[in-house]
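Each remark here refers to the structure printed beneath this line.
The structure presented is a predicted model; accordingly, all values stated were derived computationally and were not measured.
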Amino acid sequence: MACLNLPGCLKGMGFAAFKASWSRQAASLHHIHQIGEAASRQPASVRRRHRDVDWKALVKLKRGRAFREIWK
């Protein structure tokens, strides 16, 4: 659901407005963390079927390592 909800948090919002909205930032980070958590729990069979997905990058979202990259 996080993948579906994240765009709604940002719809119609420019970067300046996003930067000024603590609640939108918090909600977005929550959804990003959920995406990383879900990616980390996918079984090897799913990962093999979807080799085009960068699973390691998605799991990094859970740990907060990729946040700087997202905000560039």
Worksheet item: Which atoms form the tightest heavy-atom contact between Ser28 and Leu10, and what is the distance?
Response: OG-CD2, 3.4 Å

Item to complete: Go through the structure and list residues passing side-chain contact (heavy atoms from CB on, under 4.5 Å) with Asp52, not counting sequence neighbours.
Response: His50

Discussion item. Can you give me the closest heavy-atom contact between Gly36 and Leu61, atom names plus distance?
Written reply: CA-CB, 4.0 Å

Discussion item. Looking at every heavy atom in both Arg24 and Met13, which two are closest together, and how far apart are they?
Written reply: NH1-CE, 3.4 Å

Fill in: Minimum-distance pair of heavy atoms, taken over all atoms of Ala39 and Arg47
O-NH2, 2.8 Å

Practice prompt. Could you pull out all residues at least two apart from Glu37 that satisfy side chain to side chain donor-acceptor pair (under 3.5 Å)?
Written response: Arg41

Practice prompt. Go through the steps to decide whether Trp55 and Val46 satisfy the test side-chain contact (heavy atoms from CB on, under 4.5 Å), and finish with yes or no.
Written response: CA-CA 10 Å; Trp55 294 102; Val46 170; 4.2 Å; yes

Fill in: Hydrophobic cluster identity match, Trp22 and Leu6, side-chain contacts under 4.5 Å
no

Worksheet entry | Under the salt bridge (charged side-chain N to carboxylate O under 4.0 Å, His left out) test, residues paired with Arg51 that sit two or more places apart | none

